[in-house]
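This is the structure, below, for whatever I ask next.
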Amino acid sequence: AWGVDTTKIGITGISLGGMIGLLCSAADERIAASAPMIGTQSFAYGLDNDKWQARVNSLPGSVFADAQRELGGKGSALTPETV
């Protein structure tokens, strides 16, 4: 009804919004393009340089409980420490 071309949905964001946009584009197949701005780093870099904690800590605390609930309780080990 809105005339939205669902093959051309994009997402962008700055800082935490960039990280959320990147994660949304990976999780939602409707998003065709993502252009995060200042707020992302490679996960390999974060692990190699022990710089991953700030990114995990920037996520809302409920995200882990929500993901566990959506997994039907199968994600019992899903915590900030395991991410």
Side-chain angles (χ1 to χ4, degrees):
W2 288 88
V4 174
D5 183 345
T6 59
T7 65
K8 296 181 180 178
I9 296 175
I11 191 166
T12 189
I14 298 172
S15 194
L16 178 59
M19 186 176 92
I20 291 171
L22 182 66
L23 294 173
C24 285
S25 66
D28 191 334
E29 62 187 32
R30 297 173 299 171
I31 299 173
S34 176
M37 296 179 281
I38 58 171
T40 62
Q41 65 188 16
S42 77
F43 289 109
Y45 172 86
L47 291 173
D48 292 344
N49 295 284
D50 198 29
K51 302 287 184 193
W52 55 270
Q53 298 89 347
R55 289 288 177 222
V56 171
N57 292 336
S58 70
L59 296 171
S62 65
V63 75
F64 301 102
D66 293 343
Q68 184 173 348
R69 187 175 53 256
E70 288 181 17
L71 290 169
K74 297 176 184 161
S76 60
L78 189 61
T79 66
E81 291 76 28
T82 60
V83 171

Please list all pairs meeting salt bridge (charged side-chain N to carboxylate O under 4.0 Å, His left out) that have one or both residues in residues 9-21, counting only residues at least two apart or in different chains.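 For residues 9-21, and leaving out neighbouring residues, there are no salt bridge (charged side-chain N to carboxylate O under 4.0 Å, His left out) pairs at all.
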
Side-chain heavy atoms of Thr6 within contact of Arg30, under 4.5 Å: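 Side chain of Thr6 against side chain of Arg30, heavy atoms only: no contact under 4.5 Å found.
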
Checklist entry - side chain to side chain contact (heavy atoms under 4.5 Å, CB included) with Ile20: which residues, sequence neighbours excluded? => result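 If we apply the side chain to side chain contact (heavy atoms under 4.5 Å, CB included) test to Ile20, skipping adjacent residues, the hits are Leu16, Cys24.
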
### Message
Within this structure, what is the CD1-OG distance for the pair Ile9 and Ser25, rounded to the nearest 0.5 Å?
### Response
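Ile9 CD1 to Ser25 OG: 12.5 Å, rounded to 0.5 Å.
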
### Message
Going by the rule side-chain hydrogen bond (donor to acceptor under 3.5 Å, both in side chains), which residues pair with Asn49 if we only count those two or more places apart in sequence or in a different chain?
### Response
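Per chain and number, Asn49 pairs via side-chain hydrogen bond (donor to acceptor under 3.5 Å, both in side chains) with no residue.
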
Shortest non-hydrogen separation from Gly21 to Ile11 and the atoms involved:
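Where Gly21 meets Ile11 most closely, the heavy atoms are O-CG2, 3.6 Å.
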
